[in-house]
Each structure stands twice: as C-alpha cells, then as structure tokens.
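Since the structure comes first, as structure tokens, the remarks are kept for the end.
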Amino acid sequence: MKEKYNPHSIETKWQKQWEETKAFRVKEDPGREKYYLLEMFPYPSGRIHMGHVRNYTIGDVVARYKRMKGFNVLHPMGWDAFGMPAENAAIANRVHPARWTYDNIDYMRTQLKRLGFSYDWERELATCDASYYRWEQLFFLRMWEKGLVYRKRSLVNWCAKCQTVLANEQVVGEGQCWRCDTPVQGQELEQWFFRITHYAEELLAWCEKLPGWPDKVLTMQRNWIGKSYGTEIDFPLADGSGKLTVFTTRPDTVFGATFMSLAVEHPMTLQLSRNTSEEAAVLNFVKKVQGTNRRPDSDVDLEKEGVFTGVYCINPATEEKIPVFTANFVLMGYGTGAVMAVPTHDQRDFEFARKYGLPLRVVIQPNGEAPLSPESMIEAYEGPGILDHSGPFNGQDNETAKKSITRYLEEKGQGREKVQYRLRDWGVSRQRYWGAPIPMIYCERCGIVPVKEEDLPVLLPLEAEITPSGGSPLPLLKEFIETVCPQCQGPGRRETDTMDTFVESSWYFDRYACPDYEHGPLDTKRVDYWMPVDQYIGGVEHAVLHLLYSRFFTKVLRDLGWLKVDEPFTNLLTQGMVIKDGSKMSKSKGNVVDPDQLVKKYGADTVRLFCLFASPPERDLDWSDQGVEGSFRFIQRFWNLALDCRGRIAGKAFSPEKVPAEGAGRSLYIKLNQTIKKVTEDIEDRFHFNTAISAIMELVNALYLFQAEQKDDPLKDTLLAGGVETGLILLSPIVPHVSEELWNLLGKKGSVHRQPWPQWDPQALQEEEQVVVIQVNGKVRSRITVGASVSEEEIKTLALEQPRIQEWIQGKELGKVLVVQRKLVNIVVRH
RNA sequence: GCGAGAGUGGCGGAAUUGGUAGACGCACUGGACUUAGGAUCCAGCCCUGGAAACAGGGUGGGGGUUCAAAUCCCCCCUCUCGCACCA
C-alpha cells in the first residue's frame, strides 16, 4: 500500500528533527572554505508576507546547495526590531512596544520555521536587545572621538505624522516619508550627523570594484553620491564688505554671468538686504518660498521667481557690477547655496532673466552654426562651443576654457578647482522612543559630553508610557533625563533622541559572526573568518538606503579597527516584488496572499517550489493560485513516481559502469547527466531556479516514461534507482521536507541534505546523438539524427543527400554550405 | 528632463556565446480510467491555409548588418523603476 503525500505530517516531522539535532548549526572552521549567505532581516511587523517567503526561499536554496557542495555555510536570521510601527501599535492597542515587538518575533519565528529554512537559530539576534545596541552606542562614542559624529543646526526633513526627522535617503518619491508617504517639511533643527561625506570618494571608488552587484544598484549609488568637478568662484561684494562664493561646473561661462542668485535659506540673503530699501520685500519673499513645497511636480515646472536683495557684487572676470537676487530655485543643500547666473547658457537663468528683464550676453558660440544673439535666443544654449565676449579667452573651445579660466581665477585668488558631491551627511537623530538612545549628555558648564564607555549601555527605559499624541515619552521621563555630567559631576541632561534604525541594520551582518560575544562588539577571530558576506539577497528598495549605509559603516568599523574588510557584501542579488492582479500585494489593494494559509493548504514545499518556479528571482513574481496548484501537483507526481517504483529500485545501487551502451537506458542516462549539469549551472551561475526546476520536471517526465515502458530488467532498475535518487538530491534544496521523506521511504541511509551534490559525467554528454537541423537559405527544411562519431564533413554530405533537401536545391546554384557544431546545417542557394 | 531595465502564445515564462522561437508549467480542448471526477494518465494547443503532408507569416513598430537576428546596429513607440530646478 502506497502512502499518500501528506505535507503536514512530513513537514512537522522533519522540522522537529532538524530542530532537535541542530542540523544547521555552524562553527568557524579555518580548515574549510566558508560561505556566508545572508538575506535582509525582517522588521517584526507581526506576520511574514510573501515577499519574505520569496526572499528567504531563494536564500535557503543557495544555502542548502552550498552545504551540499561542501562549504561551511553561515546562514543566520534575526530581527530589525526597533522602529515606528511598534510605537504606533502601542498607541493603538495599549501595549508596550517591547511587548509587541517580542510577541511578533515569537510568532514570526514559528512562521519561518514552518517554511523549513535552514538557519542557524543559535545566532538569532534582535536589534532592540541592549546586548546588541550597547555596541552601537560604543561605535557612536568612538565615531565622536574621530570626528565622524557631529551635532549641527540645519534644515532637516521633518515628517509631521511620524513626528521625527528623516535622513535625505529616507525622503522618497515626490518628497514623502519612506514609511508613511506623508509629505516631508523642511525644519531648522539641531541634530546628530554621521559624516558619511568623509567616505564619499571611497564609496564611489568601490562601486567600480563590486562586480557581483547589479549595475542598477551601483548606478543608483553613484548618482546618489553625485560627484561633479567644477570651480568655486568668489564674487566680491560691491561695497567691499565681503564676498559671495559660488560653485559652478561651467567656469567657461563666467564672462556671461550678469547677475547672481542666492537660496532663500542662504545666510547672506537676509543679512545683505538688511537696512536696504529691499529688506521688506526680501523678508516677504523668503517667508513665502519657505512656506511652499518647492519640489517640482512631475509634469509642471515650478515657476522661477526671485527678488533683488538691494546689493551688488563684482564679476571677477568682467569686473562688472552685477545685482544679487534671491531665488526660489536655488538649493541651499548643494554647492554653496549661491549660483552665478548665466542666462544665455543655463535654461533656469534664462527664464529668470527674461522674467525680470536682466541682461543677456552670449559667451559660447556653437561650432559651425549661425552665431547666437541675445535678441534671437528663445532658450539657453547649454552645448559646447567657442568662447565669445570673454576677453583674453575668446576663440578657445569651452572645454579648454574651463581649465584656463579656472587657472586665471586661481592666480587672481578668486577661484579654485572644486570636487562637489551631492551626498550629504547622514542625519541620525530621531525624535522617537523605540530606538537606541544616543549616548550623549548635555551639561550647562561643559556643553556636550559623551557618556563614559564603562557606563554603557544607556538603557532605553522600558517603564515609559507611550503617549497617544505620538511624541516620544523620553523627554518627559525625569529618571531618564536627569543625570550627572561625566566631566564635572554637575547636573547633566541626557540626549532624548534615539538613533535612526538604519544604524542597527548597518552592522548586524557582522554581529551574526559572534552574537554572544560580550567583551566587545565583534570577536575579531570569528568575524574575520566569516566576513564579508558572500551572497546578500533582498529587495531593491534598499539600493541606496540600507546598502549605502552598510557600506559606509563597514568602512567606519574598519577604520576603528574592528573589521578587516572594505566592503560588506561581495555579491548582491536584488529580488523583484511579489505582484498579484497587476499590483504589489498590499492590504489596501486587498490582494494579499497569506503564507500561513498556503502552508496550511499545500505545505511549505509547494509554497517554496512555486516561489522559485514562477519567475527568475530578479524579476517581479506574478502570483497565481493555479500556478500553486501546479507546483503541488508536481510534488505529488514525483512522490507517486518514487513510491510506484520503490519495489523495483529498493536496494539497487546505481553505478555508471552498468549503464547500457545504447537504447532507452542510455538515453535516460544522458538525460540524467544533462539535468545535473543544467540544474547545477542554473543555481551556481545565475540563480535561475525556474529553469532548474523545469529541467527536473523534464527528468521526472522521462523517468515516468522509462518506468512505464522498461520492465523485467534488473539493470534498468538500477538505472531507474539512480534517476530517482539523483532527482531527489537535485530537488532537496528546493523542497527539503518531501525529499528527505522520500529519501527515507526509499530506504536510503542518512539525510538527503548530507549527500554530496551530484556531478555529471561529461562523457555521457559528449556521446549523445544529436538532431541536426538542415536549413536552406536560413529556413528549416529537414532534420537528421547523427551519432557522436559523425564528422562535420559527413553531416554536410548527409544533409545534401536528404530527399527533402534535394527538392529544395534542385536546379539552383549551390552556394556556401555552413555546418554549425553538429547542430545545424545551412545550405545557401541562388536561383 | 536624465539614468537604468523591460516589451516573446490566452497567461507565467524558456531560448546562457547570433544558429531549430515558444522548453517547463498554468489555462483550455479531446480521449482513457471511472458510479462520479474538481483525482490520475495520454494526446492536442502561436497565427493563416490545408483532412494531412506541408506551405506562408510571426518575438512592440520601422530600417540595417549577416548564410543566419528575440539576440548585434540605427530610428521610433509603450511600460516599470530610480533621480530630478544639483548650477
């Protein structure tokens, strides 16, 4: 009697066994080659979603595959456990964020275990544990000592809903909060910053040395860092009271600068207009601009506006007096917040000049075209050309002029070459409760004083009451705030801001190497063994956020002496989203598929199989309930095959020497080896599990036929045994439970997961008979089957002899006959 | 506007270096088994013509290179993602 495939009993049984035997625990072993496979850890939001299932299934297949290939595989899991949702839940359900978070972790852990992922659960960590974040506080102190942390008053991004500041990287779309989509407002606040700009050049340079990363991600990072070469030019104020400095990538156009524009936030804007007749107008304008959203809409450009500040400065090239404006389109956050305006060669300045009747002077004439004149121009000319109206530089081409004018200004002491980055420092202060406290103290006498290292951790007080208003309760908590200044022993006040949760996720992968280490953040010996991560897998939405921060942090920890690696992730796989009915799964769309229910209905193996089979990992996965049924059917099909021939193959050991030299047995053997090769290469080289699975399906189809047609031959039974067992091994990383069960039911010893990964027999692939396609003028007209020993010359002859081919070439002039690798013959004829 | 990626049957997707377009699966159609089938097995399944053999067309559109193009080159269209007044 054949057992029925019952996924639940099988899966519970093996999961229990893996758990009890700690099957996936790893130890550092310098004698073995390591492989560190990591998936982006989840935020414990309550339940896992299909995106997690997909991400972790992809990772698990690779981890299991690498283990079978003999690597010492680190495959850990943990929780990105600080963050806003816990506070929101606290308000909504009157439950403490800690309680909510740890309950979620407990539930989600069981969900992950039900999917059969091969994690070393002994390395599990949660970033909200003091045993984790205490080290982050230590990093903060050391970075402070090195000048990599500083406090500064500046214009920051404020999310009114989350009631906190956001980093530039966390402002997404059209200026919205990455978490809640609320439009972000600008606010002037004093904040803690990490000096990521110190590493701008290195972060950029290493983009060239990460061949295992997708180009898309590297491009996004390069653009985000945004390096450009240009010149800083000083424009003295006309009254001699100082100067304004601009950054420009077009120093070649400086002779055309007929006015200047300052950002409304530029410190000089209000200062210059003070006590002039323009003061009121400027003040008005600044207020008005700051009150509006200045991000241009996707389709309509914001109209350029500005007002005269009442003062003039001197163009250092022309020595002319030019007016200084403040304008709504000048950004304070880039360059110096002041720009020289060249209306003829910059579209924004052109529009501005036309609106306010400011003078235009053409200083670049396009090559070989009619010369430009200010009267006839309808838009700015931003292309290359020859200098005009530029004094001694007339006649130079503009690229040369960039250098010569910069040199000229340098000699005058009014300019210098400048490399400008778009990247700005990482604001890490969050006005939130559920995060790692920033270990700093304010003292009236000593100013800002770091907490002493021996006093770490600064514990997040768990007795805090979350207020329904949504603000952080920390500033209200006397026991927390009131402390002693470590320097003068006088009264001190603790920093109540917590750290951005992206700080925690910037080094968790290092801590997995030694999650239990108590003498420091990282145990050098273990971390050096495991780092860097060989393969990192996660969503592309972190292309600049988490992935840039992690790269930065790795370099910081290296420079602080805790790490030896320059980069954290050697290879990166960004998986696509899970889509249903044309859009991303979301509660609001109502197209969410619950992993729990699927596992309940079909079992984890089916869910895993479908996630891998439906599309290659980097593409979006289109969810299909019928597709899931198909995956379930395939598992059953394999189950039935294995058990149907259990009697025939029991105790029969496969050996390649016994394979028949020809016939159905030989074909099956060839198919088997083709499958091993295809599956191995698809997993190893490109993570294309979908095609790996198709190949196994083909093998199963072949085994079915073979089993039905080839009977009464013990030799064929051993071949069948070899086919079924190899199929099981190939499938085991994908559907681990059912493969282990069948391995057992077939009476095989040990665990299928401990089997070495099969190798293909290259001989078998070579000697295969080939179908050769015969084309006439590129169109397929016939096919012949040839053996391995047939030469190209013979194939050519055979092809021409074919009656069907004769019909096509008869009476025509025979041209070239091309033979391609025993695959194809193309006969060229003219008529 | 700039940058990146994609466009292949009714659907998800194959075709790895230019060499049989549509593997594998889903859906659908027919058949077998059956009291029954929403189980299982077998077969068919790009379009047009044809009973079939076969012929012609076909990978977003147009052009080109080549014995041969989904694949390479040029132009255009559509979609997705990222950045976006960056001086």
Side-chain angles (χ1 to χ4, degrees), chain A residues 172-175 214-224 226 228 230 246-250 253 257 261 294-299 301-304 327-331 333-342 345-349 351-352 382 420-422 540-541 543-544 576-577 579 610 613-616 618-631 633-634 636-637 640 678 681-682 685-686 688 690-698 700-701 704-705 708 771-781 783 804 815-821 823-829:
Chain A
V172 299
E174 295 180 359
D215 287 340
K216 181 185 176 173
V217 174
L218 292 174
T219 305
M220 281 167 73
Q221 293 215 351
R222 279 189 205 103
N223 291 344
W224 190 260
S228 55
V246 302
F247 170 75
T248 180
T249 52
R250 294 294 305 272
T253 64
S261 307
R294 270 173 291 162
R295 276 179 181 265
D297 265 348
S298 30
D299 22 68
D301 276 357
L302 195 75
E303 166 131 18
K304 282 152 193 64
N328 62 347
F329 64 91
V330 181
L331 303 171
Y334 184 77
T336 62
V339 296
M340 64 176 204
V342 184
H345 305 294
D346 181 286
Q347 186 58 26
R348 295 158 299 187
D349 297 338
E351 289 168 29
F352 195 86
E382 298 181 346
Q420 183 69 46
Y421 297 93
R422 213 188 71 118
V540 75
E541 65 272 17
V544 270
M577 289 184 301
I579 302 284
F610 178 73
F613 182 56
S615 69
E618 67 277 6
R619 266 214 243 180
D620 286 348
L621 184 154
D622 209 341
W623 192 265
S624 147
D625 294 331
Q626 285 162 332
V628 179
E629 292 272 354
S631 294
R633 248 190 328 251
F634 170 69
Q636 283 206 80
R637 195 167 146 79
N640 290 332
K678 172 87 178 141
E681 290 176 350
D682 279 350
D685 301 344
R686 26 176 232 166
H688 277 204
N690 56 332
T691 46
I693 292 166
S694 329
I696 301 174
M697 286 173 167
E698 286 186 54
V700 170
N701 291 344
Y704 249 98
L705 271 178
V771 174
V772 176
V773 168
I774 308 169
Q775 297 181 331
V776 178
N777 285 350
K779 284 191 190 299
V780 180
R781 297 300 180 192
R783 291 175 168 83
R804 294 234 334 106
K816 266 196 273 188
V817 179
L818 295 109
V819 184
V820 184
Q821 296 165 358
K823 257 172 148 179
L824 179 138
V825 180
N826 190 15
I827 301 161
V828 184
V829 295

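By convention in this document, chain letters (A, B, ...) are assigned in the order of the sequence lines, proteins followed by strands, and residues within each chain are numbered from 1.
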Letter per nucleotide, 5' to 3', of nucleotides 19-25 of chain B [B base touched, S only sugar-phosphate touched, - untouched; heavy atoms, 4.0 Å]: BBS-BBS
Determine which bases of RNA chain B form Watson-Crick or G-U wobble pairs with both distances under 3.5 Å, and write the result as a 5' to 3' dot-bracket string with | for other-strand partners. (((((((..(((......[....))).(((((.......))))).((((....))))..(((((..]....))))))))))))....
Is there, by distance only and without an angle test, a donor paired with an acceptor across the side chain of A/R348 and the base of B/rA87 below 3.5 Å? yes
So, do A/F329 and A/F352 have ring centers that fall under 6.0 Å from each other? yes
So, using salt bridge (Lys or Arg N to Asp or Glu O under 4.0 Å) as the criterion, who are the partners of A/R348 when residues are at least two apart? A/D346
Under the rule for side chain to side chain donor-acceptor pair (under 3.5 Å), what residues qualify as partners of A/D620, not counting sequence neighbours? none
List for me each residue that meets side-chain contact (heavy atoms from CB on, under 4.5 Å) alongside A/V628, sequence neighbours excluded, and say none if there are none. A/L598, A/Y602, A/T606, A/F610, A/W623
Nearest-Å distance, CG (A/D346) to P (B/rC86)? 8 Å
Per A/K304 side chain, nearest of listed nucleotides B/rU16, B/rC85, B/rA84: B/rC85
Between B/rG3 (P) and A/R422 (CZ): distance, integer Å: 15 Å
Pairwise 5' ranking along RNA chain B for A/M340 and A/V828, keeping only the more 5' one: A/V828
Identify whether any heavy atom of A/K678 sits under 4.0 Å from a base atom; if not, whether one sits that close to sugar-phosphate; answer base, sugar-phosphate or nothing. base
Within the 4.0 Å heavy-atom criterion, would you say A/N640 contacts the bases, only the backbone, or no part of the nucleic acid? nothing
By salt bridge (Lys or Arg N to Asp or Glu O under 4.0 Å), which residues pair with A/D685, not counting sequence neighbours? none
Sugar-phosphate or base contact per nucleotide [nucleotides 48-54 of chain B; S, B, -; heavy atom under 4.0 Å]: -------
For A/D622 and B/rU80, give me the distance from atom CG to atom P, rounded to whole Å. 15 Å
Specify the separation, in whole Å, of atom CD of A/E382 and atom P of B/rC2. 11 Å
Could you give the CZ-to-P distance, from A/F634 to B/rU40, as a whole number of Å? 14 Å
What residues, two or more places apart in sequence or in another chain, satisfy side-chain contact (heavy atoms from CB on, under 4.5 Å) together with A/V339? A/S261, A/V330
How would you list, by chain and number, every residue that makes a salt bridge (Lys or Arg N to Asp or Glu O under 4.0 Å) with A/R686, sequence neighbours excluded? A/D682
Heavy-atom closest contact (A/Y704 atom, A/R637 atom, distance): OH-O, 3.1 Å
Check every strand shown and say whether A/T248 touches a base, only sugar-phosphate, or nothing at a heavy-atom separation below 4.0 Å. sugar-phosphate
Side chain of A/K216: nearest nucleotide among B/rG57, B/rU16, B/rC81? B/rC81
Can you sort out the partners of A/A338 under side-chain contact (heavy atoms from CB on, under 4.5 Å), two or more places apart, ordered by chain and number? A/V246, A/L262, A/H266, A/T336
Of A/M220 and A/L621, whose closest RNA chain B nucleotide lies nearer the 5' terminus? A/L621
Is A/D215 atom CG crowded by more than 12 heavy atoms from other residues, nucleotides or ligands, each under 6.0 Å away? no
Residue set satisfying salt bridge (Lys or Arg N to Asp or Glu O under 4.0 Å) with A/R783, at least two apart, ordered chain then number -> none
Go through the structure and list residues passing side-chain contact (heavy atoms from CB on, under 4.5 Å) with A/N223, not counting sequence neighbours. A/T219
Return the value, rounded to whole Å, for the distance between atom CG of A/N223 and atom P of B/rG1. 18 Å
